[in-house]
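Notes follow the structure.
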Amino acid sequence: MMKLRVQNLSKSYSGTDGVPVQALDNISLEVRESEFLSILGPSGCGKSTLLRILDGLIPWDQGDVERDGKPITGPGQDRGFVFQSFNLFPWRTVRQNIEFGLVVKRVSRAQRKEISSRLVELVGLRGFENRYPHELSGGMQQRVGIARALAIDPEILLMDEPFGSLDAQTREDMQDELLRIWSAEKKTVVFVTHSIEEAIYLSDRVIVISPRPGKVVQIVEVPFDRPRTPEHKGLAEFSELRQKIYATLKANK
């Protein structure tokens with residue numbers, strides 16, 4: 001079953017000099033139910049724009065964007081968004097940040113606590129419920145961001161380079177954490193990244209986007225079984241796939 005479908009999507013912005021700048025050009029892709037799909041491409045190719053369109057945050061010029069066969073017309077509780085910058089409220093504790101969307105939905109206090117407690121456990125933050133963001137490491141802050149997105153129980157999780165600002169070791173640790181959480185929650189995930197290795201390691205499929213204006217230039221089925229482990233990155237097949245995708249990106253500069 002296709003959870004998301006994008007057909008012949010194009011999007012332009014007005015440039016600073018008044019000349020339109022085309023961000024996306026005739027993009028078509030599909031995302032399967034419970035799939036982990038990565039969108040890979042160089043900086044400025046329109047990946048984040050595409051993700052915001054899928055969330056209903058910005059309009060587009062032409063094409064069709066659907067969830068479960070119905071047009072997306074704006075944001076909805078069926079989609080949760082995780083940003084690259086942690087975007088936590090500094091005056092709210094871990095638990096209060098996680099519960100923010102539930103407060104907006106007017107969920108009862110008892111139910112909010114039950115949901116946030118489950119998610120604190122899920123993302124490995126037990127004992128930090130009453131800490132504030134400035135008391136947490138970058139990786140811990142991003143775990144809060146993931147838990148906050150999951151709190152509203154979305155069907156789809158949209159993630160915009162969520163590990164881009166983390167150091168290398170923390171980034172690898174968070175990749176494994178995300179896979180564990182995804183395995184437990186079985187959400188449909190659309191994950192934006194510019195790291196080839198990250199895209200292969202996490203995903204069922206990888207959509208490769210060209211430099212602006214962004215076009216789909218390759219769709220890669222990742223052949224490795226799950227669960228994924230760091231040992232996968234040492235496989236010859238992993239390296240070969242990485243080189244194949246790199247060659248595609250280089251050929252489409």
Side-chain angles (χ1 to χ4, degrees), residues 1-13 22-41 45-84 87 98-107 111-112 115 119 145-162 178 181-193 199 202-210 213-222:
M1 182 182 298
M2 292 302 166
K3 196 66 179 173
L4 291 168
R5 178 176 282 111
V6 175
Q7 190 70 32
N8 304 127
L9 174 71
S10 294
K11 168 67 177 177
S12 296
Y13 291 102
Q22 190 162 14
L24 299 170
D25 181 22
N26 201 34
I27 292 277
S28 294
L29 59 88
E30 295 177 331
V31 188
R32 303 162 185 156
E33 180 102 33
S34 301
E35 180 177 25
F36 198 121
L37 180 93
S38 282
I39 299 174
L40 174 70
C45 72
K47 303 185 300 296
S48 296
T49 296
L50 177 56
L51 210 65
R52 282 161 171 74
I53 288 173
L54 291 176
D55 199 37
L57 294 173
I58 58 175
W60 56 95
D61 302 329
Q62 65 181 45
D64 299 310
V65 185
E66 298 176 345
R67 177 192 62 81
D68 293 331
K70 298 178 181 179
I72 289 176
T73 57
Q77 297 290 321
D78 58 299
R79 283 152 285 156
F81 206 108
V82 180
F83 299 88
Q84 178 177 348
N87 279 357
I98 293 172
E99 293 180 0
F100 176 73
L102 301 174
V103 173
V104 173
K105 290 177 67 176
R106 300 183 182 276
V107 174
Q111 192 174 359
R112 294 200 309 264
I115 293 170
L119 290 171
I146 294 171
R148 182 175 60 184
L150 290 172
I152 60 173
D153 195 24
E155 299 172 24
I156 301 163
L157 198 59
L158 305 170
M159 309 187 76
D160 190 6
E161 297 192 46
L178 177 58
I181 293 166
W182 173 73
S183 179
E185 294 290 303
K186 297 300 183 185
K187 304 294 184 183
T188 301
V189 176
V190 183
F191 185 97
V192 161
T193 181
L202 295 175
S203 308
D204 297 307
R205 289 188 302 148
V206 178
I207 306 291
V208 183
I209 305 292
S210 70
K215 301 178 181 180
V216 174
V217 294
Q218 189 177 32
I219 301 176
V220 179
E221 295 275 354
V222 179

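What you see is a predicted model, and the numbers here were worked out from it, not measured in a lab.
- Expressed to the nearest 0.5 Å, how far CZ of Phe36 lies from OG of Ser183 amounts to 12.0 Å.
- Atom CD of Glu161 sits about 11.0 Å away from atom CD1 of Ile39, to the nearest 0.5 Å.
- Counting only heavy atoms from C-beta outward, the side chains of Val220 and Leu40 never approach each other to under 4.5 Å.
- Between Ala151 and Ile98, the shortest heavy-atom distance links the atoms CB-O, 3.4 Å.
- For the residue pair Leu158 and Leu54, the shortest heavy atom distance occurs at CD1-C, 4.1 Å.
- Contact annotation: the side chain of Phe191 approaches that of Leu178 to within less than 4.5 Å [non-hydrogen atoms, C-beta and beyond].
- A donor-acceptor distance shorter than 3.5 angstrom exists from the side chain of Ser10 to the backbone of Asn26, with no hydrogens or angles considered.
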Legend entry - Residue pair Ile219, Leu29: steps toward the side-chain contact (heavy atoms from CB on, under 4.5 Å) verdict: CA-CA 9 Å; Ile219 301 176; Leu29 59 88; 5.7 Å; no
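- Here Ile58 contributes atom CD1 and Arg52 contributes atom CZ; the two are 7.5 Å apart, rounded to the nearest 0.5 Å.
- Looking only at distances, a side-chain donor or acceptor of Thr188 sits under 3.5 Å from a matching main-chain atom of Ser34.
- For the pair Lys3 and Glu35, the salt-bridge criterion is not met [side-chain N within less than 4.0 Å of a carboxylate O].
- No side-chain heavy atom of Ile27 sits less than 4.5 Å from a side-chain heavy atom of Lys11.
- When side chains are defined from C-beta on, Met2 counts as touching Arg32, because their heavy atoms get closer than 4.5 Å.
- Contacts of Ser48 classified as side-chain hydrogen bond (donor to acceptor under 3.5 Å, both in side chains), with partners at least two apart in sequence or in another chain: Asp160.
- If you take CZ on Arg106 and CD on Gln111, they are separated by 15.0 Å, rounding to the nearest 0.5 Å.
- The minimum heavy-atom distance linking Ser203 with Leu37 is given by the pair OG-C, 4.3 Å.
- In terms of heavy-atom proximity, Cys45 sits nearest to Ser210 at CB-O, 3.1 Å.
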Inset, instruction - Applying side-chain contact (heavy atoms from CB on, under 4.5 Å), run through Leu202 and Val189 and close with a yes or a no. - result: CA-CA 10 Å; Leu202 295 175; Val189 176; over 6 Å; no
Inset, instruction - Take Ile152 and Val104, measure what side-chain contact (heavy atoms from CB on, under 4.5 Å) needs, and give me the verdict at the end. - result: CA-CA 10 Å; Ile152 60 173; Val104 173; over 6 Å; no
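- When atom types are taken as modelled, the side chain of Arg79 and the backbone of Ile156 share no donor-acceptor pair closer than 3.5 angstrom.
- Note: Asn87 CG to Phe81 CZ = 9.5 Å, rounded to the nearest 0.5 Å.
- Ion pairing of Arg67 with Asp55 is absent here, as no side-chain N (NZ or NE/NH1/NH2) approaches a carboxylate O to less than 4.0 Å.
- Taking Glu30 as the reference, Arg5 meet the side-chain hydrogen bond (donor to acceptor under 3.5 Å, both in side chains) condition, with sequence neighbours excluded.
- Nearest heavy-atom pair, Ile72 versus Ile53, reported as atom, atom and distance to 0.1 Å: CG2-O, 4.2 Å.
- Judged by distance alone, with hydrogens and angles left aside, the side-chain atoms of Asp61 form a donor-acceptor pair with the main-chain N or O of Ser12 at under 3.5 Å.
- With sequence neighbours left out, Asp64 forms a side chain to side chain contact (heavy atoms under 4.5 Å, CB included) with Gln7.
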Inset, instruction - Go through the steps to decide whether Asp153 and Lys187 satisfy the test side-chain contact (heavy atoms from CB on, under 4.5 Å), and finish with yes or no. - result: CA-CA 9 Å; Asp153 195 24; Lys187 304 294 184 183; 2.6 Å; yes
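- Distance NZ/Lys47 to CG/Leu51: 10.5 Å, rounded to 0.5 Å.
- Heavy atoms only, all atoms of each residue included: Leu57 and Pro75 are closest at CD2-CG, 3.9 Å.
- Side-chain atoms of Ser28 come within 3.5 Å of backbone atoms of Asn8 as a donor-acceptor pair (strictly under, hydrogens ignored).
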